[in-house]
Amino acid sequence: MTLVQLEYIIAVDTYRSFVAAAEKCFVTQPTLSMQIQKLEESIGARIFDRSRQPIVPTEVGVEIIKQARVVLTESRKINELVQLKKGELEGELRIGVIPTIAPYLLPRVLGNFMQKFPKLQLQIWEYTTEKIVRELKVNLLDCGVLSTPVYDTALVERPLFYEPFVAYISPKSALIKKKEVTPEDVLEDKLWLLTEGHCMRGQVLNICQRKRSMDPDGTLAYNTGSVETLKRMVDSNSGTTILPELSIDDFGEDQLGRVRYFKSPEPVREISLVTTHNFLKRQAIDALEREIIASVPKRFRTKKKKDIMEID
């Protein structure tokens, strides 16, 4: 049994294809298949059911692959020990970030972070929460920045900050006359929402405390996948949307005049750095955590007098 063989079975499990796994491991498909067959012969058990497409592990294969992930993770910690001795961060850090936080948080963080750690190569993807969670579990990502809690015992959530939600109101709306708003106020207006699949949609619906049918006369209107589109729909039409506060950083004076904060306790979303329990690249992830916390307003760092909106 070799570490390379364990790497190959993990790749097949991740991509559910011998061809795709071989490409990701930079070997030919016959080479990968032969090494997996040798491993199966040496342990006296079939790891994959090759009669099914896509390929799936056998019952015992599931347990073997689970242990293989642990073994490979532990073996890679040797490199981390060397880096720790050298006192520098290098290599690759793969980060998944949800789309409703990435455009507003990353510009605050990346410049300083890359300047401090020039040998660290960052790979960043904007993914939905569901995809980040899935890729963390199969080690395609090292960490994720997402809204929590996600209630998954396979993951560790490290809260970074608590970002308030604000109402962004059309000048045509009656709510524009208010200095602060309540969830009940928002329900009285046309509300522009993100589409299904975005965790922020569930949080906004929780702010409003109930769901309404998506009919032309209902409270909930147009669906979009972009926070920026929500802003433009309010600017060009009527009604209200609810935005994370970091997304209003570049607002001009006129747009800021349409922003209303919620009465206390204000609704917030908890943003966390998420890893698996037995994760790698601890130094790099710890450094990223410190950089993110330092980049946001100090008042974001406490959850006092705040109501954390959960994800439906």
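Below, each value reflects all heavy atoms present in this structure, side chains not excepted, and no hydrogens, waters or symmetry copies.
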- With rounding to the nearest 0.5 Å, note down the distance linking CG in L105 to CD in E291. 10.5 Å
- Just jot down the ring-ring contact (aromatic ring centres under 6.0 Å, His included) partners of Y104, sequence neighbours excluded, or say none. none
- Message: List the residues meeting salt bridge (Lys or Arg N to Asp or Glu O under 4.0 Å) with D249, not counting sequence neighbours, and say none if there are none.
- Response: R108
- Task: List the steps, then state whether side-chain hydrogen bond (donor to acceptor under 3.5 Å, both in side chains) holds for T31 with Q35.
- Result: CA-CA 6 Å; T31 298; Q35 287 298 324; over 6 Å; no
- Note on the structure: In this structure, CD of E157 is separated from OH of Y151 (nearest 0.5 Å) by 8.5 Å
- To the nearest 0.5 Å, atom OG of S247 lies from atom CD of E228 at 7.0 Å
- Atom pair CD1/CG of I124 and L93 - distance to nearest 0.5 Å: 8.0 Å
- Message: Would you say that P164 contacts F300 through its side chain, given a criterion of any heavy-atom pair below 4.5 Å between the two side chains?
- Response: yes
- Query: Who are the side-chain hydrogen bond (donor to acceptor under 3.5 Å, both in side chains) partners of T302, not counting sequence neighbours?
  - Reply: none
- Check whether any side-chain heavy atom of D152 lies under 4.5 Å from a side-chain heavy atom of K137, and answer yes or no. yes
- Query: Do the non-hydrogen side-chain atoms of L155 and H277 ever get within less than 4.5 Å of each other?
  - Reply: no
- Message: Restricting to non-hydrogen atoms, name the atom on C143 and the atom on I285 that form the minimum distance, rounded to 0.1 Å.
- Response: CB-CD1, 4.0 Å
- What's the spacing between R158 CZ and T275 OG1 if we round to 0.5 Å? 6.0 Å
- Task: Could you tell me which non-hydrogen atom of E40 sits nearest to which non-hydrogen atom of I47, and how far apart they are?
- Result: OE2-N, 2.8 Å
- Query: Thinking salt bridges, do E163 and R301 make one under a 4.0 Å N-O criterion?
  - Reply: no
- Side chains of E245 and Y261, donor plus acceptor under 3.5 Å: yes
- Query: How far apart are the C-alpha atoms of T128 and R134, what are their side-chain angles, what is the distance that settles it, and do they pass the side-chain hydrogen bond (donor to acceptor under 3.5 Å, both in side chains) test?
  - Reply: CA-CA 10 Å; T128 62; R134 185 168 63 248; over 6 Å; no
- Item | side-chain contact (heavy atoms from CB on, under 4.5 Å) assessment of D13 paired with V62 | CA-CA 9 Å; D13 180 57; V62 170; over 6 Å; no
- How about Q115: does its CD atom have over 12 heavy atoms from other parts shown lying under 6.0 Å from it? no
- Between D185 and K263, is there a side-chain N and carboxylate O pair less than 4.0 Å apart? no
- Query: Which atom names give the shortest non-hydrogen contact between I64 and I43, and what distance separates them?
  - Reply: CD1-CD1, 3.6 Å
- Query: Run the side-chain contact (heavy atoms from CB on, under 4.5 Å) check on R232 and T241 step by step: do they pass?
  - Reply: CA-CA 10 Å; R232 293 190 184 99; T241 193; over 6 Å; no
- Sidechain-backbone polar pair: S33 side chain, P30 backbone, donor-acceptor under 3.5 Å: no
- Does some side-chain heavy atom of V97 sit less than 4.5 Å from a side-chain heavy atom of L146? no
- Task: May I ask you to check whether over 12 heavy atoms, not counting those of M114, lie within 6.0 Å of atom CE?
- Result: no
- Message: Between N237 and K172, is there a side-chain heavy-atom distance shorter than 4.5 Å?
- Response: no
- Message: Within this structure, what is the CD1-CG distance for the pair I271 and L273, rounded to the nearest 0.5 Å?
- Response: 11.0 Å
- Message: List the residues meeting ring-ring contact (aromatic ring centres under 6.0 Å, His included) with F251, not counting sequence neighbours, and say none if there are none.
- Response: Y168
- Relative to F48, does R46 satisfy both conditions: NZ or CZ under 6.0 angstrom from the six-membered ring centre, and within 45 degrees of the ring's axis? no
- Message: Using modelled atom types and a 3.5 Å cut-off, is there a donor and acceptor pairing between side-chain atoms of R258 and backbone atoms of V234?
- Response: no
- Partner set under salt bridge (Lys or Arg N to Asp or Glu O under 4.0 Å) for R290, not counting sequence neighbours: none
- Say whether Y15 and L136 are linked into one hydrophobic cluster, either directly or through other cluster members, by side-chain heavy-atom distances under 4.5 angstrom. no
- For E92 and R94, the nearest pair of non-hydrogen atoms, with its separation, is OE1-CD, 3.7 Å
- Applying ring-ring contact (aromatic ring centres under 6.0 Å, His included), name anything that partners Y162, two or more places apart in sequence or on another chain. none
- Query: Can you name the closest pair of heavy atoms from Q255 and D235 and give their distance?
  - Reply: NE2-OD2, 3.3 Å
- Test side-chain hydrogen bond (donor to acceptor under 3.5 Å, both in side chains) applied to S147 and E270, step by step: CA-CA 6 Å; S147 191; E270 179 183 79; over 6 Å; no
- Contact summary for L246 and P297, nearest pair of heavy atoms: CD2-CD, 4.5 Å
